[in-house]
Structure formats: C-alpha cells, structure tokens
Amino acid sequence: MSQREWSLIDIPSLEGKVVVVTGGNGGLGYEAVNVFAKRGAKVILASRSVERGQEAHAKLTNETPSADVEVMELDLGDLESVHNFAHAFQQKYDRLDILLNNAGVMTTPYGTTKDGFEQQLGINHLGHFALTGLLFDTIKNTPDARIVNISSNAHRQGKIDFDNLMFEGGNGYTPMKAYAQSKLANLLFTYQLQRKIEEAGLSVKVEAAHPGIANTNLTRHIEDKPLFKVVGPLLGFMTQDSFNGALPGIRAATDSSVAGGEYFGPSGFQEFKGDPVVVEPITRAYDVMDADLLWKKSEELTGVTFNV
C-alpha cells in the first residue's frame, strides 16, 4: 500500500512518455496536464471544446514555454467523437504511457448523450470505458503503462440499478443519485479491468483516485440551490483548490511504488482535503458480480470490447 509521504518532487522525469488527459482544458485536468508537461511528457489535452482547449494550451505554454502539449477534440458524450479521437491518436502515436480518465459532469439535470445514454453515466463511465477499450492495444504494448480513473467520494452513496440504469425518460432520476451511480461505476470498471489485466499477465496498472472536495466548475449545477447558498460559505474550511485536488490522480499516474488497483484520495478528515494517500472505497466497489454485469452491459451499449 502506497502510504509513504509523497510530493511532486517524487515524480520522475517523464521525457519520452506520452500522456492523455481527458477534460484537460480546466480544473483538475488542467492541473494534471501542467504537471505532466513540466516533467517532460508529451501531453494530449483532450477537450470537448477545441476553443477552450486552445485557451488552456496558450496559458500552459505561456507559463512553461517548453511544454509539449497538443490539443485534440474529444466529446465523451458522443461515441463517434470517441472513435475519431482514438483513431487520430493511433495514427500519430505508437505508445500511451498514462491515460488519465478525468473528464466528467456532476449533478446535472436529467438529459441524454448523443447516443441516448443518461448523460452522467454516459460521459463519466461509458465514454471513458469506450475510450480506454479503443486505446487498449496501444496501452498494453507500452511498458508499465497506467490507466487512472477519477471517481468521487459520492460513490459511497452509489448503487448500480441494472433495472433502470439510464433513468429512462427521467424515471426515478435525481442528479445526485445518477452522479453517485456513475462514480461507483468508475470504481467497478477500475477493479474489473485490473483483474482482467492480471489474469492476462500484462504490465499495465489500473488505478483510481478522487479529489476530495475540490473547488472546480463541476459544482455549477448546485450553486443556485438553497442549501448550497447556506452551507457554501462554510465549504472553504473543507475544500481544497484544483491543484491539490488533482494530486491524488497525479500520484496514481506517476508513483513508482503504486500497486495495481489502488485508490487514492486526500488524507484529511472524511477525505475532504489533504495529501494524496491510498484510501478505501465502499465494499460495493469490489463486487465482482456487479462489475462483471456492468462490464458486459458497457460493451453492449458502446459496442467496444477490450483485447485483454
């Protein structure tokens, strides 16, 4: 277990490494792109909006002129876009050392993706499931590659409702219920993929991480709620900035002592904030039957299978 102290100075040189960060144009993703680039990696900043990606690129290169960052369009709510991204990436690169599945949406009103999936499960889980599967041949042929899935403490309230996975027509939908389900799905996917990799004897490691309570734009869908207006001013004592929120994912991606299937989060009270350490998810995250069923359902819905 990776419980030793860790900081940015422990990140080795990433010269010659290729990294993909989804949602790299802002928040946790931007901070991760910045750190990886400063360590010498070639970083693909994957962004739904090319314009916002280019704005982030300009900011990055202004701060670090040597940063080798490329913006590529990726809409995780559109399987055609996911396929196009994977194809374009594999046309240019023959290795992928780190795939940081960071992008996501949080507590949005009910809606569906272009492919008809409930949008929180569709973007947070299914889009990343498809992306990882499409890139997996490149990943497994890269020595000691890492896949990191960003989950959330909200997974603790999560339950995979296979009878109403998509909240069809908004039936039974609440923003937090759907978000928690998607974040539990991230963990079930992490552990199931790690099991498959170990069975195949591959060198790839799959990790998960969560940022605690980080100040990012993901809260924009709850900021106008009455309860948030009451407790919002108090959250400053419980939250951390985007940079510190990104550190669990960065550690999961770069710490040489990490074992496959570890889960990183903040060290402080209730994992709200603090230094990045190994933490424990709820027991349901390890449910092999749920993980297997979710995997098969994800393959069916996305049409993507893994060549493990």
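A quick note: this is a predicted structure, and the numbers were derived from the prediction, not measured.
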Does K17, at its NZ atom, have more than 12 non-hydrogen atoms belonging to other residues, nucleotides or ligands within less than 6.0 Å?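 Not buried by this count: 12 neighbours or fewer within 6.0 Å.
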Heavy atoms of other groups near R284 CZ, more than 12 under 6.0 Å: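 Check passes, neighbour count above 12.
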Close side-chain approach of [X] and [Y], heavy atoms under 4.5 Å:
| X | Y | result |
| --- | --- | --- |
| M72 | F89 | yes |
| F117 | L79 | yes |
| D75 | F85 | no |
| L247 | L8 | yes |
| L165 | I160 | yes |
| L60 | L45 | yes |
| E70 | Y93 | yes |
| S257 | W6 | no |

Rounded distance (nearest 0.5 Å) linking atom [atom1] of [X] with atom [atom2] of [Y]:
| X | Y | atom1 | atom2 | answer |
| --- | --- | --- | --- | --- |
| K205 | I147 | NZ | CD1 | 13.0 Å |
| M106 | Y179 | CE | OH | 5.0 Å |
| S81 | R48 | OG | CZ | 10.0 Å |
| E55 | K59 | CD | NZ | 10.5 Å |
| L76 | H125 | CG | NE2 | 12.0 Å |
| N141 | D94 | CG | CG | 9.5 Å |

Taking NZ, NE, NH1 and NH2 as the nitrogens, is one of them in E300 or K297 under 4.0 Å from a carboxylate oxygen of the other?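 Salt bridge: yes.
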Electrostatic pair K38:E63 at N-O distance under 4.0 angstrom: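 Yes, charged N to carboxylate O under 4.0 Å.
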[X] side-chain N/O to [Y] backbone N/O, donor-acceptor pair under 3.5 Å:
| X | Y | result |
| --- | --- | --- |
| E207 | E262 | yes |
| Q120 | T107 | yes |
| T22 | A103 | yes |
| N124 | V105 | yes |
| R146 | A252 | yes |
| R251 | A209 | no |
| H155 | S152 | yes |
| N153 | Q270 | yes |
| S49 | R52 | yes |
| Q181 | L121 | no |

[Y] reachable from [X] in the ILVMFWY side-chain graph, under 4.5 Å edges:
| X | Y | result |
| --- | --- | --- |
| V21 | I250 | yes |
| I123 | M166 | no |
| F167 | L126 | no |
| F306 | V206 | yes |
| I11 | L100 | yes |

What residues, two or more places apart in sequence or in another chain, satisfy side-chain hydrogen bond (donor to acceptor under 3.5 Å, both in side chains) together with E299?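 Once residues adjacent in sequence are excluded, the partners of E299 under the side-chain hydrogen bond (donor to acceptor under 3.5 Å, both in side chains) criterion are W295.
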When you compare the side chains of N25 and S47, does any donor N or O come within less than 3.5 Å of an acceptor on the partner?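 A pair is found: one side chain offers a donor N or O, the other an acceptor, under 3.5 Å apart.
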Is there a donor in the side chain of N186 and an acceptor in the side chain of N149, or the other way round, less than 3.5 Å apart?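 Side chains of N186 and N149: no pair found under 3.5 Å.
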Decide yes or no on side-chain hydrogen bond (donor to acceptor under 3.5 Å, both in side chains) for Q90 and T138, but give the supporting numbers first. CA-CA 8 Å; Q90 289 167 328; T138 304; 3.1 Å; yes
Could you report the tightest heavy-atom contact between [X] and [Y], atom names first, then the distance?
| X | Y | answer |
| --- | --- | --- |
| A154 | A180 | O-CB, 3.2 Å |
| V148 | G249 | CG1-O, 4.1 Å |
| P266 | G274 | CB-N, 3.6 Å |
| V204 | I197 | O-CG2, 3.2 Å |
| I150 | P211 | CG2-CD, 4.4 Å |
| N307 | D137 | ND2-OD1, 3.1 Å |

I'd like to know whether the aromatic ring centres of F189 and F129 sit less than 6.0 Å apart in this structure.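 Here the rings of F129 and F189 have centres that are less than 6.0 Å from each other.
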Going by ring pair (Phe, Tyr, Trp, His ring centres under 6.0 Å), name the pairs with one or both residues in residues 28-70, residues two or more places apart or in two chains.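 Non-adjacent pairs meeting ring pair (Phe, Tyr, Trp, His ring centres under 6.0 Å): zero.
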Once the angle between the rings of H210 and Y263 is folded into 0 to 90°, is it parallel (under 30°), tilted (30 to 60°) or perpendicular (over 60°)?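 Rings of H210 and Y263: tilted, as their planes differ by 30° to 60°.
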Residues that S267 engages under side-chain contact (heavy atoms from CB on, under 4.5 Å), provided they are two or more places apart: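 Residues passing side-chain contact (heavy atoms from CB on, under 4.5 Å) with S267: D275, V277.
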Could you walk me through whether L74 and L131 pass side-chain contact (heavy atoms from CB on, under 4.5 Å), step by step? CA-CA 10 Å; L74 172 62; L131 176 68; 4.0 Å; yes
From CA spacing to verdict: side-chain contact (heavy atoms from CB on, under 4.5 Å), V35, F243: CA-CA 9 Å; V35 168; F243 173 75; 4.2 Å; yes
